[in-house]
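Remarks on the structure that follows.
Being a predicted model, the structure only gives us computed values, none of them experimental.
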Amino acid sequence: MNSTTFNSNGKLLISAEYLVVDGAQALAVPTTKGQSLTVKKTEGKPILSWNSWTFDKQCWLEILFSVPELNIISTSDTEKANWLKKLLRAAKELNTSFLNETIAIDVSTQLEFPRDWGLGSSSTLINNVAQWANVNPFELHFKISNGSGYDIACAKQNIPIRYSTKNKVQDIVPITLEKSFMNKVFFVHLNKKQNSAKAVTSYNELKKGIDLANCVEANNEITNEFINAKTLKDWASAMDKHEYLISNILQQETVKERLFPMYPHSIKSLGAWGGDFIMVSGSIEDSNYFIERGYNTITFFDQMILNPHR
């Protein structure tokens, strides 16, 4: 039987973490690594057989669904299966012809990055399912998530973007970045996965005590500083300003203050503070500072990001 494969890019949020859910302008970048989804109709009972594979070819999720009802018959992870059932049923609501036949289907997903990297295992899956179901990926996203949707935008793009959303309407502007200093910007994984949904819930409580409009305006200025940076000094300055802004909102120490106070250059958290990747200014030699402290997953900007240059 013929199979069909859908692909989506991973993502990193360079600016506007947290604030992007309130309409702030974000610099978001698609990553070279993403996720694929392959669908194949087969012979047999009307069952959807779902298998998810890690980047190193380990099956981490197995589910059997009835078709077309999409009830869970069996699974290796009930929580993940319930989330996936919610996603597939949301897709059916948007396109009533999706999965409405009594047929047997095999579906497999393949991650190109470790699950704890935070590059968008959920957003790439949502975008792949949207392609499969022939529905709008943003509509599908907002049916099951309280996130801003920047990650869905990255899943569809092959170049960095300036992203904002208001009333679930997206403003997506492709942008290019100066290449001359990107060999001195790298990402370090903190060996810890953050829960973005919980982080947004916590932020929603904290923001009640701030001047949100001023914070969004300050963020937008910093986002434009990133986009227009011509030198490493410009980029690092934007990193420092952004860390100070979000630190005040969250009432938390910056990651540099908390973990790396002796590092001589700029460090910025990405996404939900406290885990996943941080962005660092410095050379290959400077990256040894993190390796010596047990942070061995280090990737330079050019290796991680799709088409980052002008």
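Below 30°, between 30° and 60°, or above 60°: for Phe186 and Phe300 the angle between ring planes is between 30° and 60°, a tilted geometry. In this pair, Trp235 and Phe181 present their aromatic rings tilted. The plane angle is within the 30 to 60° band. Ring orientation note: the planes of Trp132 and Trp50 are tilted relative to one another, at an angle of 30° to 60°.
Using a 4.0 Å cut-off between a side-chain N of Lys or Arg and a carboxylate O of Asp or Glu, Glu93 and Lys143 qualify as a salt bridge. With respect to Glu69 and Lys85, no salt bridge is recorded, no charged nitrogen being found less than 4.0 Å from a carboxylate O. The pair Lys168-Glu139 fails the salt-bridge criterion, with no side-chain N (NZ, NE, NH1 or NH2) lying under 4.0 Å from an Asp/Glu carboxylate O.
Lys241 places none of its side-chain heavy atoms less than 4.5 Å from the side chain of Leu245. Considering only heavy atoms from C-beta on, Thr254 stays 4.5 Å or farther from Tyr244 through its side chain.
Asn224 and Glu221 share no side-chain donor-acceptor pair at under 3.5 Å. When only modelled atom types and interatomic distance are considered, Asp276 and His189 share no side-chain donor-acceptor pair under 3.5 Å. The closest side-chain donor-acceptor pair between Asp56 and Thr54 falls under 3.5 angstrom. A donor-acceptor contact closer than 3.5 angstrom links the side chains of Thr124 and Gln35. With no hydrogens or angles considered, a side-chain donor-acceptor pair links Thr231 and Asp234 at under 3.5 Å.
For the pair Lys256 and Pro264, the tightest heavy-atom approach, listed with the atom from each and the gap, is NZ-C, 4.2 Å. When all heavy atoms of Pro261 and Leu259 are compared, the closest pair comes out as CD-C, 3.3 Å.
To the nearest 0.5 angstrom, Thr75 atom OG1 is 8.5 Å from Leu84 atom CG. Summarising the geometry, atom CZ belonging to Phe187 is positioned 10.5 Å from atom CD belonging to Gln303; distances are rounded to the nearest 0.5 Å.
Relative to the ring axis of Tyr289, Arg293 places its NZ or CZ within 45° and under 6.0 Å from the centre.
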